[in-house]
Amino acid sequence: MKLLILAAGYATRLYPLTLNQPKPLLKIAGKPMIEHVLARTLPAGGIDEVYVVTNNKFAGHFAEWAAGYDAPEGLKITVINDQTMSDEDKLGAIGDAELVIREQAVDDDLMVVAGDNLFSEDLVGFGETCREKQTPVLGLFDVGSTEAAKPYSAVEVDENGRLLDFVEKPENPKTSLIGIACYFYPRAFVPKIAEYVQAGNNADQPGRLIQWLYPRTPVHTWVVPGEWYDIGSAETLKEADEVFSRRGV
């Protein structure tokens, strides 16, 4: 299986912190955020190569990080520059995924995770679900209330964890479960990403691909245990740093 870490955004909401430093390389509990992402996702199992897709502004930063990262034995890390220069000409998360698949000739199962998603627990169960279902799988998180789900992608699932409904930023969510940027696409479904992009669909928000997929094919889900942070503001960055530092993660 290949792991794709989405790291091509410009994180303008975190300026000036991210003006000259990519968000996934900001430090949480003393180490770059991306290393926390890897520490939690690699236990999903079977990952032999990691693609980090970034932009022209920060490709050098990630190349330098990768050169100094103490990767597990046998794990290859490839940094891919999508050649964009600013927030205005970015390809979007799905556009970046399509670029990596095409340029790297990916012909394998693919796990996709945003480089600013922090998990307090390993994703062992996610990997087990992916291998069992052999369908696209969406990571979920329970935010605790329907009110808290409003800014996110609210979902409904059946008793087997199959996705029944997916609504971006709903006014009246029916559940407190939200879709997060943690996805699995079996090898046979990877070409669907190019099909989606070539059809002219929204290539920015990664959840849009799931929204397009689930009426066409079964999509299963897995609820992330513990805590989850989507680092989108200085406040969540500070909170995550405090929590992870306290736990010595």
Side-chain angles (χ1 to χ4, degrees), residues 1-9 21-55 58-82 93 96-97 99-134 136-137 139 180-190 193 206 222 224-229 231 240-241 243-245 247-249:
M1 178 162 67
K2 308 301 188 234
L3 170 62
L4 171 58
I5 296 180
L6 301 170
Q21 177 81 321
K23 182 171 30 169
L25 292 184
L26 294 178
K27 290 191 175 179
I28 297 283
K31 65 181 181 182
M33 198 182 304
I34 193 171
E35 294 186 16
H36 290 284
V37 174
L38 285 166
R40 295 307 186 199
T41 53
L42 292 178
I47 297 168
D48 59 8
E49 185 165 7
V50 177
Y51 302 118
V52 180
V53 62
T54 185
N55 52 56
F58 293 131
H61 294 69
F62 282 103
E64 183 178 351
W65 162 79
Y69 174 59
D70 185 18
E73 186 176 354
L75 182 70
K76 181 181 179 183
I77 296 182
T78 303
V79 176
I80 294 137
N81 182 352
D82 73 2
D96 278 316
L99 172 75
V100 171
I101 292 164
R102 176 165 37 88
E103 287 197 350
Q104 299 297 312
V106 177
D107 185 22
D108 199 352
D109 293 344
L110 181 66
M111 182 177 175
V112 181
V113 179
D116 58 358
N117 269 215
L118 293 184
F119 309 96
S120 67
E121 307 295 329
D122 293 346
L123 302 190
V124 174
F126 185 75
E128 292 171 348
T129 299
C130 297
R131 285 185 286 275
E132 175 193 346
K133 300 298 185 182
Q134 283 303 304
V137 179
I180 65 173
C182 179
Y183 314 95
F184 171 75
Y185 300 102
R187 178 181 178 182
F189 284 85
V190 168
I193 298 175
W222 181 75
V224 171
E227 296 177 73
W228 163 79
Y229 291 93
I231 309 298
D241 181 53
V243 169
F244 279 55
S245 295
R247 292 182 175 176
V249 177

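We're numbering straight along the sequence, starting at 1.
No side-chain heavy atom of Pro24 sits less than 4.5 Å from a side-chain heavy atom of Pro32. Between Phe119 and Val113, the closest side-chain pair of non-hydrogen atoms falls below 4.5 Å. Using a 4.5 Å cut-off on side-chain heavy atoms (C-beta onward), Lys2 and Ile47 make no contact. When side chains are defined from C-beta on, Val137 counts as touching Phe126, because their heavy atoms get closer than 4.5 Å. For the pair Met1 and Asp48, the minimum side-chain heavy-atom distance is 4.5 Å or more.
For Arg40 (side chain) and Leu118 (main-chain N/O), no donor-acceptor pair under 3.5 Å exists by modelled atom type. Here the side chain of Thr54 pairs no donor or acceptor atom with the backbone of Ala8 at under 3.5 angstrom. Put simply, the side chain of Asn81 never gets that close to the backbone of Ala59: no donor and acceptor are under 3.5 Å apart. Panel note: side chain Asp109, backbone Arg187; a donor-acceptor pair is recorded below 3.5 Å. Side-chain atoms of His36 come within 3.5 Å of backbone atoms of Ile28 as a donor-acceptor pair (strictly under, hydrogens ignored).
Gly9 and Asn55 make their closest contact through O-ND2, 3.4 Å (heavy atoms, listed as atom of the first residue, atom of the second, distance). Between Ala93 and Pro206, the shortest heavy-atom contact is CB-CD, 3.7 Å. Nearest approach of Ser245 to Ala29, heavy atoms of both residues: OG-CA, 3.3 Å. Val52 and Ala7 make their closest contact through CG1-CB, 4.1 Å (heavy atoms, listed as atom of the first residue, atom of the second, distance).
Using cut-offs of 30° and 60° for the angle between ring planes, the Phe62 and Trp65 rings count as perpendicular.
Remark: Lys31 NZ to Lys27 NZ distance equals 11.5 Å, nearest 0.5 Å. From Asp241, atom CG reaches atom CE of Met33 across 9.5 Å, with rounding to the nearest 0.5 Å. Atom OH of Tyr229 and atom CD1 of Ile180 lie 13.5 Å apart (nearest 0.5 Å). Separation of atoms CG (Leu38) and CG (Leu3) is listed at 6.5 Å; rounding is to 0.5 Å. If you take CD1 on Ile193 and OH on Tyr183, they are separated by 11.0 Å, rounding to the nearest 0.5 Å. Rounding to the nearest 0.5 angstrom, the gap separating the CD atom in Gln134 from the OG1 atom in Thr129 is 11.5 Å.
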message = For a side chain to side chain contact (heavy atoms under 4.5 Å, CB included) check, start with the C-alpha distance between Tyr51 and Ile5, then their side-chain angles and the critical distance, and finish with the verdict.
response = CA-CA 6 Å; Tyr51 302 118; Ile5 296 180; over 6 Å; no
query = Are Asn117 and Trp228 close enough, and set up right, to give a side chain to side chain contact (heavy atoms under 4.5 Å, CB included), and what steps lead you there?
reply = CA-CA 7 Å; Asn117 269 215; Trp228 163 79; 3.1 Å; yes
message = Working note: Val224 + Glu121, criterion side chain to side chain contact (heavy atoms under 4.5 Å, CB included); need CA distance, chi angles, decisive distance, verdict.
response = CA-CA 8 Å; Val224 171; Glu121 307 295 329; over 6 Å; no
request  = Please lay out, stage by stage, how Cys182 and Met111 fare under the test side chain to side chain contact (heavy atoms under 4.5 Å, CB included).
outcome  = CA-CA 7 Å; Cys182 179; Met111 182 177 175; 4.3 Å; yes
Under 3.5 Å, which donor-acceptor pairs link side chains of residues 70-80 to any protein atom two or more places apart or in another chain?
unit_1, atom_1, unit_2, atom_2, d
Thr78, OG1, Glu49, OE2, 2.9

